[in-house]
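In what follows, a single structure is set out as structure tokens and then discussed.
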Protein chains: 2
Amino acid sequence: MTAPSTLKDRIQNADLLARVVPVEEAVKHVTDGNTVAISGFTKSGEPKTFFPALAFHLSRTAPQTRLTLLSGASLSEDVEGPMAPFIRKRGPYMSSSASRRRIHAGEMDFTDVHLSAFARNLMYGFYGDIDVAVVEVSRIRPNGSVILTSSVGISAEALAKAKKIILEVNTSAPDYTGFHDIVVPTVHPHVGWPLPLLNVRDRIGTPYVEFDLGKVVAVVESRTPDHPVPFKAADETDKRIARNVVDFLLSCREEFGWGKRLPPIQSGVGNVANAIIGELYESPFQKIRFWTEVFQDGMLRYVEDDAKFEYASATAVSFSAEGRQRFQQLFERCKERLVLRPMWLSNSPEIISRLFVIAMNTPIEVDIYGHVNSTHIDGSRIVNGLGGSGDFFRNAYLSIVHTPSVRKLKDGRTVSCVMPYVRHIDHTEHDIKCVVTEHGYARNMDIRSPRRRATDIIDNCAHPYFRPLLHAYLDMAGPGDEPRATDMKVLEAWWRDYDAACRAFPQGG
Amino acid sequence: MTAPSTLKDRIQNADLLARVVPVEEAVKHVTDGNTVAISGFTKSGEPKTFFPALAFHLSRTAPQTRLTLLSGASLSEDVEGPMAPFIRKRGPYMSSSASRRRIHAGEMDFTDVHLSAFARNLMYGFYGDIDVAVVEVSRIRPNGSVILTSSVGISAEALAKAKKIILEVNTSAPDYTGFHDIVVPTVHPHVGWPLPLLNVRDRIGTPYVEFDLGKVVAVVESRTPDHPVPFKAADETDKRIARNVVDFLLSCREEFGWGKRLPPIQSGVGNVANAIIGELYESPFQKIRFWTEVFQDGMLRYVEDDAKFEYASATAVSFSAEGRQRFQQLFERCKERLVLRPMWLSNSPEIISRLFVIAMNTPIEVDIYGHVNSTHIDGSRIVNGLGGSGDFFRNAYLSIVHTPSVRKLKDGRTVSCVMPYVRHIDHTEHDIKCVVTEHGYARNMDIRSPRRRATDIIDNCAHPYFRPLLHAYLDMAGPGDEPRATDMKVLEAWWRDYDAACRAFPQGG
């Protein structure tokens with residue numbers, strides 16, 4: 001890697017170098033009512049200098065300003081938090097507590113869309129015009145095309161679609177030249193084309209983003225590195241879930257004749273995901289490939305092991321402080337084994353299906369039939385959004401939903417993550433092939449009615465403490481192939497018993 | 001067309017001609033515990049002679065026999081009804097009242113899977129071995145490969161995968177040579193390939209199915225034509241829904257710059273679907289293309305109009321008695337303008353997405369946020385299955401769910417098809433771009449929270465009689481971006497009011 005650099009090193013186009021302005025000037029291009037599309041995905045590659053400066057500017061000069069903010073996926077709280085009061089509409093994913101509060105209160109309109117669809121809808125014009133794009137880049141090439149940084153997300157679509165462009169050149173970021181594979185979606189009535197991608201490592205686009213330079217109204221410098229993401233070591237429950245996931249995969253290897261060739265893995269983000277990545281490393285599988293959204297801490301050890309690892313494709317790298325150091329040491333090696341693509345491509349149903357990807361994600365809760373709530377607490381209040389979980393679950397060769405069987409809430413109750421029904425459904429029983437908890441796994445791949453699957457999910461996945469209550473629901477719910485209790489009095493009694501059980505959950509249970 | 005023919009005309013391979021046996025002999029190849037995969041899709045191309053004969057044979061000689069039955073989609077009651085007592089497991093779609101009763105009672109295990117996924121899972125081995133394939137064909141070519149009849153469904157996969165094959169040569173069917181485009185899915189660890197299909201009319205496979213002739217244990221003759229599907233003329237409500245759908249499409253044409261080029265249309269089956277096909281015919285759109293599951297009565301008039309119509313792709317033709325006559329008259333013309341493909345291809349997410357297909361389907365009910373119940377009455381009892389609705393809704397350019405705003409039940413109540421929540425969700429709010437009833441349409445394409453979309457759906461789509469009740473639910477449901485009432489007492493009161501309203505629905509309202 002080659003950081004730190006000067007602005008002159010990084011801006012090799014004289015015309016654009018002449019458009020460098022202080023960030024306090026650049027922010028004036030964003031005005032009330034604008035739709036702003038920015039770079040950033042899981043806190044990586046976001047405009048870390050421009051956005052806080054814009055919030056400061058608006059709070060002093062135009063506090064009534066309201067914007068529409070579109071990003072790849074989540075931004076860091078440092079970037080989104082100060083801007084939240086000025087955002088009227090937001091999509092397609094966020095993990096900012098400031099935005100969340102406003103969304104729950106009805107002050108910010110949030111749309112929850114599959115990430116692959118979002119990027120395409122943006123190009124189709126479903127979200128109207130994009131007034132301003134703000135995109136972090138690591139280098140501007142002599143012809144004015146740009147090299148992005150640690151994420152791709154919707155950066156290419158934002159640059160293609162926006163009326164005005166602001167580039168944030170991050171001189172503290174390494175020069176990411178060679179990491180990216182950029183293609184933008186075709187728009188009807190143009191003819192769509194087959195994505196000529198047959199392997200995780202195939203590249204089908206350009207390593208840079210080209211766009212209309214005439215639209216660049218400002219270039220600003222940033223020296224702020226990506227904000228690190230928290231990393232918590234796997235606990236015993238995480239490890240047991242991971243072991244059950246790998247057991248399931250080993251049984252499939254046997255049954256479906258994979259040989260040593262594990263299909264490419266999509267992994268969510270978080271402790272369980274990292275535990276699974278760790279457990280896979282210890283498994284007999286070789287030449288592992290990741291086709292996923294985010295390349296993260298747990299994957300770094302793979303990069304050094306040619307027997308264990310073949311290649312990874314993602315739309316962002318996202319690390320803890322420690323992980324970033326390790327990434328910087330492995331920068332050149334990573335470049336040979338990792339490609340970053342636009343999120344419509346990393347999450348493309350066409351590719352996920354063709355490559356036989358194995359998808360894994362953690363939900364809020366799952367029901368006894370395999371329906372999954374990924375987004376809404378009590379069915380009413382969004383947490384972050386569904387992100388790419390639907391892109392992957394729906395199109396994967398195998399879709400695995402993994403969760404601890406119980407979760408301890410702040411109010412002291414311990415709730416079951418396996419429920420008779422979930423109050424918000426983001427992924428249906430039709431899309432889930434396996435449910436995994438620390439207690440075991442339940443397959444949902446055979447010719448079986450939901451009623452019979454339910455018994456499996458309860459007996460193999462639910463916490464033993466909650467199993468009698470779940471069976472009680474099933475017993476009273478009939479008739480039908482997917483029985484559901486509809487008598488409100490009966491339901492009320494069940495929920496009363498359940499709440500009491502949550503309160504009485506044994507300590508250390 | 002060239003029917004009727006003799007068996008000798010239709011079996012041009014001497015080896016297979018020698019394997020012709022009476023159907024009473026052929027049925028003996030199916031024995032207890034077998035998995036049987038058969039041709040047939042929406043009552044077209046099913047083994048109409050073999051299956052009733054098998055039911056007769058089993059009822060006399062081995063009534064304890066239990067089988068697993070896999071088909072493309074629905075079979076006619078004449079074919080499935082007599083077999084229902086012998087079916088232990090069934091997938092992926094049915095519309096037989098005999099099977100439905102057994103499924104609800106827990107006597108038949110039914111699995112409800114996206115049709116595109118089902119055909120691929122079959123090839124992947126997720127449903128185990130296929131013991132016997134029974135496939136209707138219109139001709140056996142000199143080299144033993146076969147020409148299918150009025151549907152493709154899973155016929156090619158069944159022939160590829162089965163241990164034993166029984167061919168039912170239908171001499172009453174026309175010779176369908178030239179209608180089909182056959183490809184089977186790739187199985188991991190083989191490399192998946194991009195489907196080289198850019199236009200509705202492109203053909204990427206063979207017009208015949210090739211398979212291992214050594215597996216053919218019997219060839220039988222059938223003289224039974226496809227059982228006609230009922231056809232009911234559109235009523236005033238259907239026509240108003242159709243007009244609203246076309247209004248929505250016209251507004252999109254304007255907004256998203258389609259010009260005269262309407263994206264290809266997927267249309268469900270039934271009265272509303274036929275009304276929409278009729279309304280589109282009267283619309284300003286030209287050179288209409290259908291990318292759909294079933295080519296049906298309403299599309300026949302298109303075939304004669306070169307200005308109005310370009311091409312259709314489906315996995316089956318399915319007609320009323322009258323429609324079939326017309327189809328037979330137009331047989332050669334249809335062959336030039338219609339292609340029948342395997343259902344994994346007609347319902348392929350890759351192609352639906354690439355071609356910018358506009359998807360339309362009728363649900364059982366939809367909720368105020370756009371979640372759709374396509375399968376389960378009261379959330380508990382399956383009607384037919386989700387079929388291809390998820391394949392299309394999830395991957396379409398625009399997904400339109402259309403339904404009458406109310407439905408009169410046999411018990412005299414009139415229920416709302418727009419509900420505060422639905423008790424079974426097959427398609428989520430994330431996948432629906434527009435809800436349409438006879439009262440209007442509500443777009444779900446912008447950056448908006450579900451709470452605000454709900455108001456639109458209630459005010460534009462719900463029946464005016466039920467709107468106050470739906471607003472009442474929304475008012476009591478907060479807080480949150482997608483408010484949901486969780487207090488059982490409150491919910492009980494709402495359902496009581498709702499039930500009373502259903503009973504008091506004004507006659508002729």
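Below, read A as the first sequence line, B as the second, and so on, with proteins coming before strands; counting in each chain starts at 1.
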- [ ] Evaluate salt bridge (charged side-chain N to carboxylate O under 4.0 Å, His left out) for Asp367(A) paired with Arg423(A), printing each intermediate quantity in order.
- [x] CA-CA 10 Å; Asp367(A) 80 13; Arg423(A) 284 184 171 132; over 6 Å; no
Classify the side-chain pair [X]/[Y] by whether it contains a donor and acceptor separated by less than 3.5 Å.
X: Arg120(B); Y: Ser353(A); answer: yes
X: Asp426(A); Y: Thr375(A); answer: yes
X: Asp378(B); Y: Thr486(A); answer: no

[X] versus chain B, heavy atoms under 4.5 Å apart: side chain, backbone, both or neither?
X: Leu355(A); value: neither
X: Asp446(A); value: both
X: Ile351(A); value: neither
X: Ile377(A); value: neither

Greatest number of heavy atom pairs closer than 4.5 Å to chain A - which of [options]:
options: Leu197(B), Val113(B), Asp112(B); answer: Asp112(B)
options: His104(B), Glu482(B), Arg381(B), His427(B); answer: Glu482(B)
options: Ile447(B), Ile103(B), Thr428(B); answer: Ile447(B)

- [ ] Check Tyr124(B), Tyr127(B), Phe126(B) against Phe256(A) for a ring-ring contact (aromatic ring centres under 6.0 Å, His included) and give me the one that passes.
- [x] Phe126(B)
Open item on the list: Please verify the inter-ring angle class for Tyr421(B) with Trp495(B); under 30° counts as parallel, over 60° as perpendicular, anything in between as tilted.
Closed with: perpendicular
TODO: Identify which one of Gln286(A), Arg201(A), Arg261(A) satisfies the side-chain hydrogen bond (donor to acceptor under 3.5 Å, both in side chains) criterion when paired with Glu310(A).
DONE: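 Of Gln286(A), Arg201(A), Arg261(A), side-chain hydrogen bond (donor to acceptor under 3.5 Å, both in side chains) with Glu310(A) is met by Arg261(A) alone.
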Open item on the list: Heavy-atom pairs under 4.5 Å with chain B - which of Arg443(A), Arg448(A), His424(A), Arg354(A) has more of them than the others?
Closed with: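 With the most close heavy-atom pairs to chain B, the winner is Arg354(A).
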Open item on the list: Counting heavy-atom pairs closer than 4.5 Å to chain B, which one of Arg88(A), His376(A), Arg451(A) comes out on top?
Closed with: His376(A)
